[in-house]
A.B. asks: 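Before I ask anything, here is the structure I am working with.
Just so you know, these numbers come straight off a predicted model, no measurement behind them. Nothing fancy with the numbering, it's 1 onward along the sequence. Atoms considered below: every heavy atom in the structure, side chains included; atoms not considered: hydrogens, waters and symmetry mates. For ligands, and for the atoms within them, numbers begin at 1 and follow the listed sequence.
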Amino acid sequence: MLLSVDPKAGFVVGIKLRGDGVTTVICDLAAQIVVTQELHVPLVGDSAAAIHAIEIEVRRAIRTARLPRAKVLGVGVGLSGIIDTNRGTCNFSHLLQWSNVELAEPLRRHLGMPVWVENDVNTLAVAEKWAGDAHDAHDFVILTVGRGIGLGIVIDRSLYRGANGATGEFGHMIVDPGGPLCECGRFGCLEAMVGEDALRRRVGERQGREISRDDLIALVLTEDPPTLEVIESAGKKLGLAVANMITLLNPEMLIICGEGTDLGGPFLDPIVSAVREQTFANLGRQVEIKVQRWGDETWAVGAATLVLRESFSMPGADDKSLAIWHRPTT
Ligand SMILES: [Zn+2]
């Protein structure tokens, strides 16, 4: 049984792929970052560019950290989409517009080290279980809000992936069949109603101009009334969906994270209220709600923890093996 480990005994690389670039971190065994770096490169529709970029970035990060290769246990890659974790392929990604892309195999061959690929929201769930707020939780969900709306589901300390690895497509639950067109090609998905693009469009209509992400945050901070109305209404809509999900799954903890948390109280308070008011409060302990604010770096750390999980699990063991890990005290 692994009870404690020298955190500097080995290192892991984590990669977060976005449509416009790659965030890379190297972490020690306690999931503390030792190197972080950014590469801006268009990856939408271009998986070959992504594989090339990952190779370059992994090598660069190892050089920057001045690590001997033998100390690097492997690479974890997180990306938005439906991932076959056994084969290390991306079956489909709306965000990247990829289908049936082999990632792990070419990367293993070129880098000469183990590579794991996972849906990015699931990487966050693994990170939360490994060394985060959900370390002691058996059943929890992690909701990411931003351009996309995603959900990572941990049941009995294991990731729930579904039959095809397609769980957690929470943002593509249809909440209004007559609603706006979603990037998935259907109408009225939650994401098309309350995702960041939808919010910017609706606030833009009211302001009579194009609204950038920074404009949106600024309008919220200055408490612009028409903007607050849009944001609060979106928060309520999302809150109702979240409350229904909580009623269904009965998790002990809900972690809300992602860049959408920058919208603050006007967006988040209605979600918390909906969970408090629209779920069964008399089942015993109320679901604990945690809001975490962070950026791409944390997603990459989540990907790095994939390697930690795989390196310290017996082959075939489920995520329960994480329970024997001592939580880092920092
Ligand atoms: Zn959709």
A.B. asks: Grouping I, L, V, M, F, W and Y whenever their side-chain heavy atoms are under 4.5 Å apart, do Ile256 and Phe140 come out in a common cluster?
C.D. replies: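 No, separate clusters.
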A.B. asks: Closer than 2.8 Å to the Zn ion (ligand 1), what protein N/O/S atoms do you find?
C.D. replies: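 Those protein N, O or S atoms (cut-off: under 2.8 Å from the Zn ion (ligand 1)) are His172 ND1, Cys182 SG, Cys184 SG, Cys189 SG.
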A.B. asks: Test Glu196 against every option in Arg147, Arg202, Arg213 by the salt bridge (charged side-chain N to carboxylate O under 4.0 Å, His left out) rule and name the one that passes.
C.D. replies: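 Exactly one option meets the salt bridge (charged side-chain N to carboxylate O under 4.0 Å, His left out) with Glu196, and it is Arg213.
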A.B. asks: State, without any angle test, whether Thr123 and Asp120 hold a side-chain donor-acceptor pair at a distance under 3.5 Å.
C.D. replies: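 No pair is found: no donor N or O on one side chain lies under 3.5 Å from an acceptor on the other.
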A.B. asks: Taking Arg109 first and then Glu105, would you say they form a salt bridge - that is, a charged N and a carboxylate O separated by under 4.0 Å?
C.D. replies: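 Looking at Glu105 together with Arg109, the answer is yes, because their closest N to O distance falls below 4.0 Å.
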A.B. asks: Side chains of Gln207 and Asp224: is there a donor and an acceptor less than 3.5 Å apart?
C.D. replies: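 Gln207 vs Asp224: donor-acceptor pair found between side chains.
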A.B. asks: Below 4.0 angstrom, N of the basic side chain to O of the carboxylate: do Asp20 and Arg18 qualify?
C.D. replies: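 Yes, this pair counts.
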